Number of protein chains: 2
Amino acid sequence: MTQLAEAARRIPLNRDRVLNAAVTLADEVGIESLSMRRLAQELGVVPMALYKHVANKEELLGGMVDTIVGEIGPPVPDAPWKSAVRLRVLSARQVLLRHPWARSVIETRTNVTPAVLGYMDGFAGMFLTGGFSVDLTHHVMHAMGSRMWGFTQEVFDDSAGQAGDQQPQVPAEVRAAMARQMAENFPHLFKIAAAAAHEDDSVVGNGCDDQFEFEFALDLLLDGFERLHQQNWTSGGGKGR
Amino acid sequence: MTQLAEAARRIPLNRDRVLNAAVTLADEVGIESLSMRRLAQELGVVPMALYKHVANKEELLGGMVDTIVGEIGPPVPDAPWKSAVRLRVLSARQVLLRHPWARSVIETRTNVTPAVLGYMDGFAGMFLTGGFSVDLTHHVMHAMGSRMWGFTQEVFDDSAGQAGDQQPQVPAEVRAAMARQMAENFPHLFKIAAAAAHEDDSVVGNGCDDQFEFEFALDLLLDGFERLHQQNWTSGGGKGR
DNA sequence: CGTACAGGTGTACGGCGTACACCTTGCGTT
DNA sequence: AACGCAAGGTGTACGCCGTACACCTGTACG
């Protein structure tokens, strides 16, 4: 046992081992609990050993993103731009859903790595080979924003309840009082929430189908792109500014 | 002098003074340099004193968001939904541009405060009173996402150069080499960047007009919303799923 | 005059990222 | 066979962070 652990420790650390360990650790305990010390411990090594393989924590995070960008897989060739884009985004989304921490890490990244640039380049390529002008492609890329990665920036209260949570069991009366408060102070949101909760009768969650919402917005954008493309939109002429 | 400072210190701290100080401090030094200790120092007080007015740093950040949400101002009444939404978003954007830290704070917030809910409620209200169905309003709110607050989640390399930066003065040959590298590895992005850099001949920045990109995407969405509304879209029937 | 309490203080703890000097080990060269 | 060197792991330490907890102090009110 000790020998085996010893042997495991003996196969030398390298960048990939560090990165992969970081990814799975983040998957397990969440990005906010991923510290250099914790990661080192997981690898049976002293914290400073990591610095022989990554320059600092920033670079570690960048490498982690690179790692999962590698999971996305190549774009389907020879598809019309719209479905090509759609598929690629949804496939990126699958990956990102497996690594929930990646959203915040991608967002806060300041130095873009080649792997990330590569992904974005492929993305731009789909529009260009689809016949989009360079100009339109540029703006369309901006309009995609982080949706390119398959996630939306939700500002809604979706922290209400995770699947496995041990809910604190709020008494019914308090629940009712909260609902009344909500109806009084935020009537519009209340209406929406009530309707959504009604629609699917599952009790858990906020009654929103994230995947549906994502595709709804995505298709809205793609349709918009298509229209602009068809009418040969240019930044000077169209309705923009 | 000592007396005056003493006197200033004498007017007692309260939640608003703490929050306002935090906002201006974050404006000045950036959110990453805003620590409880630093803020306390700024207020001429010992760190723990702050905890008599905010429960913890999370709540401080929430309060800071509340503070600047208050700067946004009320929606214009009696305007058609589209211009009402447009104006409100752009006015939120003005505020958010004054407080660049707010973007990341809003994004990472987990407990939504009443002020934030109020803003979102007003937002939903514009669609509802504009005749949108509850259903459509719901999805439309999701599709807006953080654009509701006037910012886009940019994943582009815009950290290239801030206005006041003392640029490290990269030698021309290195610059050229980087450009060649870029053209080789990321041909599509290169095309876009080259065209954009050409368009406005300012040397600084990445050649992107953030305000234009924002409005471009915003109008794309709003037009999409309008179309769906006009054709009485419902989540069951339309083109969605 | 006494006392309660809001509000400011001091000390301390455990965690973080990481600088720096050090030690071990295995390999290519002579 | 001896050597030296670099790659890679170690130990210690520093300065920062958020905040728990016990404590003091001045003001308002009975």
Side-chain angles (χ1 to χ4, degrees), chain A residues 2-23 25-26 28-65 101 104-105 108-111 113, chain B residues 2-23 25-26 28-65 101 104-105 108-111 113:
Chain A
T2 327
Q3 279 189 353
L4 208 141
E6 188 76 2
R9 214 165 49 67
R10 224 15 100 68
I11 77 171
L13 228 45
N14 60 35
R15 198 162 202 276
D16 277 349
R17 281 227 306 142
V18 169
L19 258 31
N20 286 326
V23 166
L25 184 56
E28 283 164 10
V29 304
I31 195 69
E32 72 284 346
S33 305
L34 175 80
S35 66
M36 298 300 275
R37 294 169 133 96
R38 176 88 186 255
L39 175 58
Q41 188 183 336
E42 213 76 12
L43 287 163
V45 117
V46 97
M48 287 311 291
L50 301 177
Y51 288 87
K52 290 278 151 74
H53 305 280
V54 295
N56 48 44
K57 191 173 184 182
E58 272 293 293
E59 203 195 276
L60 175 76
L61 293 171
M64 290 169 67
V65 171
W101 49 269
S104 62
V105 176
T108 59
R109 208 90 320 268
T110 158
N111 283 332
T113 65
Chain B
T2 326
Q3 278 189 351
L4 209 139
E6 188 77 1
R9 212 166 50 67
R10 225 13 101 66
I11 76 170
L13 228 47
N14 60 37
R15 197 161 203 276
D16 277 350
R17 282 226 308 141
V18 170
L19 258 32
N20 286 326
V23 166
L25 184 56
E28 283 165 11
V29 304
I31 195 68
E32 72 284 347
S33 304
L34 175 79
S35 65
M36 298 300 273
R37 293 169 133 95
R38 176 88 186 257
L39 176 57
Q41 188 182 336
E42 213 77 13
L43 286 163
V45 117
V46 99
M48 285 311 290
L50 301 176
Y51 288 87
K52 289 281 151 73
H53 305 282
V54 296
N56 48 44
K57 193 173 184 182
E58 272 292 293
E59 201 195 276
L60 176 77
L61 293 171
M64 290 168 67
V65 171
W101 48 268
S104 61
V105 175
T108 59
R109 207 88 321 264
T110 158
N111 284 331
T113 64

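Numbers restart at 1 for each chain; the letters A, B, ... are given by sequence-line order, proteins then strands. Computed from heavy atoms alone, side chains included, the values below leave out hydrogens, waters and symmetry copies. Being a predicted model, the structure only gives us computed values, none of them experimental.
Taking atom CG on Leu39(A) and atom P on dT18(C), their separation rounds to 13 Å, with Å as the unit. Protein atom NE2 of His53(B) is 13 Å distant from nucleotide atom C1' of dT9(C), rounded to whole Å. One atom, CG of Leu13(B), and another, C1' of dT9(C), lie 13 Å apart when rounded to the nearest Å. For the pair Ile31(B) CD1 and dC17(D) C1', the interatomic distance rounds to 15 Å; values are reported in whole Å. Remark: C1' of dG8(D) and CZ of Arg15(A) are 16 Å apart, rounded to the nearest angstrom. Spacing between atom NZ of Lys52(B) and atom P of dC21(D) amounts to 13 Å, rounded to whole angstrom units. One atom, CG of Leu50(A), and another, P of dG8(D), lie 13 Å apart when rounded to the nearest Å. The distance between atom CD of Glu32(B) and atom P of dG18(D), rounded to the nearest whole Å, is 13 Å.
Of the two residues near DNA chain D, Pro47(B) and Asn14(A), the one whose nearest nucleotide lies more 5' is Asn14(A).
Residues Arg38(B) and Leu25(B) meet the side-chain proximity criterion, which asks for heavy atoms closer than 4.5 Å. When side chains are defined from C-beta on, His53(B) counts as touching Leu13(B), because their heavy atoms get closer than 4.5 Å. At least one side-chain heavy atom of Arg15(B) sits under 4.5 Å from a side-chain heavy atom of Glu59(B).
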Can you give one letter per nucleotide of nucleotides 11-17 of chain C, 5' to 3': B if a protein heavy atom sits under 4.0 Å from the base, S if only from the sugar-phosphate, - if neither? -B---BB
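The residue from Ile31(B), Leu34(B), Leu61(B), Val29(B) that alone fulfils the side-chain contact (heavy atoms from CB on, under 4.5 Å) condition with Trp101(B) is Ile31(B).
Taking the side chain to side chain donor-acceptor pair (under 3.5 Å) definition, one finds that Thr113(B) meets it with Asp66(B), sequence neighbours left out.
Under a 4.0 Å N-O distance rule, the pair Arg37(B)/Glu42(B) does not qualify as a salt bridge.
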